[in-house]
Amino acid sequence: LLAVSNIVKDVLVQRGYPEDKIRIININGLHPDIAYVPYEPSEKDFIFAYLSYPDEGKGVFQLINAISIATQKNPNIKLKIPGGLEEPKVVELVDKLGIRDKVILTKRLPYEQYVKELPNILKDVDFIVVPTLVPDTWGRVVTESMLSGRPVIVTKGNGGLVEQVTDKVDGFHVNVYDLNEFAESLYKISQLDKETVRKMGLKARED
């Protein structure tokens with residue numbers, strides 16, 4: 001049996017499959033190559049991006065709320081949500097919180113076109129955020145982001161995601177379930193200097 005992460009292996013063992021018959025593979029190696037996106041950071045803003053599908057289980061609403069709190073301490077924080085305009089609840093929350101000037105929403109693109117547009121989307125992005133609230137076996141968006149040369153913030157303790165990202169090396173593991181703690185983590189990360197962010201992004205691609 002092939003498992004894509006340790007969390008999958010654990011589930012299989014719990015269901016009675018023999019552990020010695022299970023092999024964990026690095027599914028990242030099966031992903032099409034994505035070129036490094038040259039990092040052109042903003043001199044003023046610290047930009048996070050959310051690249052997953054904009055639904056509740058993926059944590060987008062928790063992220064928007066956390067960004068709203070974090071910007072009170074650092075007004076230069078911005079958030080990009082490609083495809084965000086396609087989800088009315090996302091637009092509604094951003095408007096309700098009064099942070100339309102902080103959150104950049106665009107239309108969703110077909111996957112092939114999206115991959116081609118990644119350099120334009122990510123060139124000034126400092127960190128990708130993958131704040132999934134439900135157990136995740138492996139995140140394609142994490143691999144895409146790391147290949148692009150961007151460090152990734154993932155949900156602390158969440159299955160395959162924390163197997164992909166090494167805390168404080170090529171990204172961060174943060175508690176996204178506690179809104180204030182999540183916001184504080186985003187604020188602290190936004191205080192990193194751009195050279196540190198660049199190096200973490202290069203390490204992410206290497207890993």
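Just so it is clear, the values below take in all heavy atoms, side chains as well, and ignore hydrogens, waters and symmetry mates.
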Gap between atom CD of Glu86 and atom NZ of Lys107 - 0.5 Å precision: 7.0 Å
Under a 3.5 Å cutoff, is there a donor and acceptor pairing between the side chains of Ser42 and Asp124? no
Quick one: are Met200 and Val169 in side-chain contact, heavy atoms under 4.5 Å? no
Could you walk me through whether Val130 and Ile153 pass the side chain to side chain contact (heavy atoms under 4.5 Å, CB included) test, one step at a time? CA-CA 6 Å; Val130 184; Ile153 298 166; over 6 Å; no
Tell me whether Glu206 is salt-bridged to Lys203, with the criterion being a basic N under 4.0 Å from an acidic carboxylate O. yes
So which heavy atom on Gly160 is nearest to which on Ile7, and how close? N-CG2, 3.8 Å
Give the minimum heavy-atom separation between Ile77 and Lys102, together with the two atoms involved. O-CD, 3.8 Å
Closest contact, heavy atoms only, Leu51 versus Ser145: CD1-OG, 3.8 Å
Could you label the plane-to-plane angle of the Phe172 and Phe127 rings as parallel, tilted or perpendicular, counting under 30° as parallel and over 60° as perpendicular? tilted
Sequence neighbours excluded, the answer for salt bridge (Lys or Arg N to Asp or Glu O under 4.0 Å) partners of Lys73 is Glu184
Kindly determine whether Lys89 and Glu92 satisfy salt bridge (Lys or Arg N to Asp or Glu O under 4.0 Å), including the steps that lead there. CA-CA 5 Å; Lys89 291 182 180 179; Glu92 180 183 348; over 6 Å; no
Counting only N and O atoms by type, is there a donor-acceptor contact under 3.5 Å from the side chain of Lys80 to the main-chain atoms of Ile121? yes
Which atom of Asp126 lies closest to which atom of Pro41, heavy atoms considered: OD1-CB, 4.1 Å
Backbone N/O of Thr132 and side chain of Asn158: donor-acceptor pair under 3.5 Å: yes
Mind checking what makes salt bridge (Lys or Arg N to Asp or Glu O under 4.0 Å) contact with Asp45, not counting sequence neighbours? Lys78
Measure the shortest side-chain to side-chain distance between Val8 and Ile24 over non-hydrogen atoms and say whether it is less than 4.5 angstrom. no
Verify side chain to side chain contact (heavy atoms under 4.5 Å, CB included) between Tyr50 and Ile64, making sure each step is shown before the conclusion. CA-CA 10 Å; Tyr50 173 89; Ile64 293 170; over 6 Å; no
Side-chain contact test, heavy atoms from C-beta onward, threshold under 4.5 Å: evaluate it for Met146 versus Val152 and give yes or no. yes
Side-chain heavy atoms nearer than 4.5 Å, only ILVMFWY residues, links allowed to pass through others: does that put Val4 and Val11 together? no
State whether the side chain of Ser5 and the backbone N or O of Thr137 hold a donor-acceptor pair below 3.5 Å, judged by distance alone. yes
Please check if the number of heavy atoms outside Lys194 that lie under 6.0 Å from its NZ is greater than 12. yes
Looking at every heavy atom in both Ala204 and Arg150, which two are closest together, and how far apart are they? CB-O, 3.7 Å
Please walk me through it: do Asp167 and Val162 pass side chain to side chain contact (heavy atoms under 4.5 Å, CB included)? CA-CA 8 Å; Asp167 191 31; Val162 296; over 6 Å; no
What are the two closest heavy atoms between Ala3 and Ile22, and how far apart are they? CB-CG2, 4.0 Å
Other residues, nucleotides and ligands only: do more than 12 of their heavy atoms fall within 6.0 Å of CD on Glu112? no
Counting heavy atoms not belonging to Glu43, are there more than 12 under 6.0 Å from its CD? no
Given the rule that I, L, V, M, F, W and Y join up when any side-chain heavy atoms are under 4.5 Å apart, are Val103 and Phe61 in one cluster? yes
Assess whether side chain to side chain contact (heavy atoms under 4.5 Å, CB included) is satisfied between Phe182 and Asn175, documenting all intermediate values. CA-CA 6 Å; Phe182 188 12; Asn175 178 10; over 6 Å; no
Pairwise salt bridge (Lys or Arg N to Asp or Glu O under 4.0 Å) hits with a residue in residues 49-68, at least two apart: none
Val94 and Leu63: same hydrophobic cluster, using ILVMFWY side-chain contacts below 4.5 Å? yes
Determine whether Val129 and Val141 fall in the same hydrophobic cluster, where Ile, Leu, Val, Met, Phe, Trp and Tyr are linked whenever their side-chain heavy atoms lie under 4.5 Å apart. no
Does Tyr36 have more than 12 heavy atoms from other residues, nucleotides or ligands lying within 6.0 Å of its OH? yes
Under 3.5 Å: donor-acceptor pair, side chain of Ser148, backbone of Glu144: yes
Have a look at Gln164 and tell me which of Asp136, Asp170, Thr143 forms a side-chain hydrogen bond (donor to acceptor under 3.5 Å, both in side chains) with it. Thr143
Is it the case that one hydrophobic cluster holds both Leu79 and Leu85, taking links as side-chain heavy atoms less than 4.5 Å apart, direct or via other members? yes
Is it true that Glu19 and Lys9 have a side-chain N and a carboxylate O under 4.0 angstrom from each other? yes
The test is side chain to side chain donor-acceptor pair (under 3.5 Å); show your working for Asn65 and Gln62 and say whether it passes. CA-CA 5 Å; Asn65 279 300; Gln62 191 78 338; 5.1 Å; no
Would you verify whether the NZ or CZ of Arg140 falls within 45 degrees of the ring axis of Tyr111 while also being under 6.0 Å from that six-membered ring's centre? yes
Centroid-centroid distance, Phe48 to Phe46, less than 6.0 Å: yes
